[in-house]
Amino acid sequence: MAKHILLTGGAGFIGSWLVRHLLAQPEAYRVTNLDLLTYAGNPDNLLDVASNPRYRFVEGDICDEALVSELMGDVDIVINAAAQTHVDRSISGPGIFIHTNVLGTQVLLESARQKKSASLEKFIQISTDEVYGSLGQTGLFTETSALEPSSPYSSSKASGDLIALSYFKTYGLPVCVTRCSNNYGPNQYPEKLIPLFIQNASNDKAVPVYGDGLNVRDWIHVQDHSAAVFAVIKAGRPGEVYNIGASNEQNNLWITRKILEILEKPDTLIRFVEDRLGHDRRYAIDSHKIQTELGWRPAVDFESGLRQTVQWYLDNPAWIEAVHRRATAEQAKEAHSHGV
């Protein structure tokens, strides 16, 4: 019988790529996708697999103990990709980040522990390099780097990581944590840096760059991230953390100018704006461990991947419009619930 994977947050950017990657494997996995469909959860991301008999979508909250317990029944592998992820949103409203990224993670872990059997092979906690805080001009984050998160978002993810690892140490739950660098690619929510800049520039709107634009990130295509997570599913050692990066450091100003170059737009569209609170200066990942232990390597060249990503957004205006409509409806619903 095909192994059953419970994947949370599978309607989001990274989650939807993971769903497709898993369904494409010769092992014929069954995938149950649990997603609350908040503003960044987009069912259109998975239209191409919606009719696959090995795929099931369940709309719901990872904080719903009864629902999670029901879904956990015959699960072999859990992948927790559900998260509130946008740093700016965490600064203006941190509560939901703590609720989802900390409490939700604990609910999943506890349900997995309660349902634990010999068939439970892995619990994979999808995390971020932002838990490490900011680097100086040299050096790389390793799996043993200190956790020094700077925002409510990154601190909530660090908390989830530590809770997950405690379930391995205390209960023997087969937990692995993956910490990935900045993802890019098709289907990413439009408020993120690369899709936002593509949209603005293609419409001759100003491109807002925080501070001096020299904050450095290590960029990786979401396809490579999905392949790395699959490598952890297959051979990751329980109790271990695996950093995932493509050794592709670029500062935000370089990214901005490259997008403008691809779109044949002038640099005069760049607008430097007040820097984000607690804005980390540099991230850079050492992915030696996952490469040597599990044989994973990044495969997507950054410049070609960026050009393909730009073209995808240009070719899919209907997707972008639908995302904006859902976001507007979500905001109206939230305003109504608060009596605004």
Side-chain angles (χ1 to χ4, degrees), residues 7 9-10 12-27 45 79 81 83 85 122 124-132 135 138-145 157 161 176-189 192-195 197-198 215-237 240-252 254-256 258-259 262 280 282-313:
L7 171 62
F13 170 49
I14 292 170
S16 63
W17 276 81
L18 283 169
V19 168
R20 284 191 294 272
H21 191 89
L22 292 167
L23 291 174
Q25 300 307 312
E27 289 91 337
N45 288 344
I79 306 173
T85 63
K122 293 276 171 61
I124 298 179
Q125 171 73 359
I126 305 295
S127 190
T128 170
D129 60 355
E130 295 192 40
V131 301
Y132 296 122
L135 277 170
T138 60
L140 300 171
F141 292 134
T142 71
E143 288 81 0
T144 59
S145 295
K157 290 300 293 181
D161 291 2
C176 292
V177 174
T178 63
R179 294 177 179 149
C180 193
S181 58
N182 276 39
N183 280 229
Y184 74 98
N187 300 110
Q188 189 170 30
Y189 192 73
K192 297 290 189 175
L193 186 146
I194 286 178
F197 287 9
I198 293 169
N215 301 76
V216 174
R217 299 294 181 262
D218 182 357
W219 293 91
I220 183 172
H221 196 282
V222 65
Q223 177 180 307
D224 282 333
H225 185 186
S226 298
V229 172
F230 186 66
V232 176
I233 290 173
K234 297 294 287 183
R237 291 182 290 126
E240 294 296 316
V241 175
Y242 293 93
N243 282 350
I244 301 169
S247 300
N248 182 54
E249 292 183 58
Q250 305 292 349
N251 67 53
N252 291 344
W254 187 93
I255 295 287
T256 307
K258 180 57 67 173
I259 290 170
I262 294 169
D280 292 329
R282 175 175 171 258
Y283 303 147
I285 281 285
D286 181 347
S287 58
H288 178 78
K289 180 177 178 178
I290 192 172
Q291 293 194 34
T292 55
E293 289 191 10
L294 307 185
W296 170 84
R297 298 285 189 281
V300 180
D301 171 74
F302 179 66
E303 185 157 345
S304 61
L306 183 59
R307 288 182 179 277
Q308 291 165 3
T309 299
V310 169
Q311 192 61 51
W312 187 89
Y313 282 96

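Side chains included, hydrogens not; waters and symmetry mates left out as well; all remaining heavy atoms used. Since the model is a prediction, treat every value here as computed from it, not as a measurement.
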statement: Of all heavy-atom pairs linking Asn183 and Trp219, the shortest is O-CZ3, 3.8 Å
query: Does the side chain of Val232 reach to within under 4.5 Å of the side chain of Ile290, using non-hydrogen atoms?
result: yes
query: Could you state the interatomic distance from NE2 (His288) to CG (Asn243), rounded to the nearest 0.5 Å?
result: 12.0 Å
task: Without swapping roles, check the side chain of Trp17 against the backbone of Pro186 for a donor-acceptor pair under 3.5 Å.
output: yes
message: Between Lys122 (side chain only) and Ile79 (backbone N and O only), is there a donor and an acceptor less than 3.5 Å apart?
response: no
task: Search all heavy atoms of Ser181 against all heavy atoms of Ile285 and return the closest pair with its distance.
output: CB-CG1, 4.0 Å
task: Taking the side chain as every heavy atom from C-beta outward, state whether Val177 and Tyr242 have any pair of such atoms under 4.5 Å apart.
output: no
task: To the nearest 0.5 Å, tell me how far Glu249 CD sits from Asn182 CG.
output: 11.5 Å
- prompt: In terms of ring plane angle, is the pair Tyr184 and His221 parallel, tilted or perpendicular, where the classes change at 30° and 60°?
  reply: perpendicular
task: Let me know which of Val310, Asn252, Leu306 forms a side chain to side chain contact (heavy atoms under 4.5 Å, CB included) with Ile194.
output: Leu306
task: For the pair Lys234 (side chain) and Val229 (backbone), establish whether a donor and an acceptor sit closer than 3.5 Å, ignoring hydrogens and angles.
output: no
message: If you compare all heavy atoms of Ala284 against all heavy atoms of Leu135, which two are closest, and at what distance to 0.1 Å?
response: N-CD1, 3.5 Å
- prompt: Would you call Gln308 and Trp312 a side-chain contact if the rule is heavy atoms closer than 4.5 Å?
  reply: no
- line: Output for pair (Leu7 CG, Ile124 CD1), nearest 0.5 Å, gives 10.0 Å
message: For a quick test of reading the model, state the closest non-hydrogen atom pair linking Ala83 to Lys157 and the distance between them.
response: CB-NZ, 4.0 Å
message: Applying side chain to side chain contact (heavy atoms under 4.5 Å, CB included) to Ile14 and His225, what does each step give before you reach the verdict?
response: CA-CA 8 Å; Ile14 292 170; His225 185 186; 3.9 Å; yes
query: Any donor-acceptor pair under 3.5 Å linking the side chain of Glu240 with the backbone of Gly236?
result: no
- prompt: Do Arg217 and Glu130 sit within salt-bridge range, that is, some charged N less than 4.0 Å from a carboxylate O?
  reply: no
- prompt: Hey, what's the ring geometry for Tyr283 with Phe141, parallel, tilted or perpendicular (30° and 60° as the breaks)?
  reply: tilted
message: How long is the straight-line distance from CG of Leu18 back to CD of Gln223, given to the nearest 0.5 Å?
response: 12.0 Å
- prompt: Of all heavy-atom pairs between Thr309 and Gly185, which one has the smallest distance, and what is that distance?
  reply: OG1-CA, 3.4 Å
query: For Asp224, does its backbone N or O pair with a side-chain atom of Trp296 as donor and acceptor, under 3.5 Å?
result: yes
- prompt: Minimum heavy-atom separation for Ser145 to Leu140, with atom names?
  reply: OG-O, 4.2 Å
message: How long is the straight-line distance from CD of Gln250 back to CZ of Phe302, given to the nearest 0.5 Å?
response: 6.0 Å
- prompt: Can Arg179 and Glu143 be counted as an ion pair, charged N to O under 4.0 angstrom?
  reply: no
field: Steps toward side chain to side chain contact (heavy atoms under 4.5 Å, CB included) verdict (Lys258, Phe197)
entry: CA-CA 10 Å; Lys258 180 57 67 173; Phe197 287 9; over 6 Å; no
task: Determine yes or no for a side-chain-to-main-chain donor-acceptor pair under 3.5 angstrom, with Arg282 supplying the side chain and Thr138 the backbone.
output: yes
task: Evaluate side chain to side chain contact (heavy atoms under 4.5 Å, CB included) for Ser287 paired with Ile244, printing each intermediate quantity in order.
output: CA-CA 5 Å; Ser287 58; Ile244 301 169; 5.8 Å; no
field: CD1 on Ile126 to SG on Cys180, rounded to 0.5 Å
entry: 8.5 Å
task: For Ser16 and Asn187, test the side chains for any donor-to-acceptor distance below 3.5 angstrom and give the result as yes or no.
output: no
message: In the structure I gave you, are the side-chain heavy atoms of Tyr189 and Asn45 within less than 4.5 Å of one another anywhere?
response: no
task: Return yes if some donor-acceptor pair links the side-chain N/O of Asn248 with the main-chain N/O of Asp218 below 3.5 Å, else return no.
output: no
message: Would Lys192 pass as a cation-pi partner of Phe13, given that its NZ or CZ must be under 6.0 Å from the six-membered ring centre and within 45 degrees of the axis?
response: no
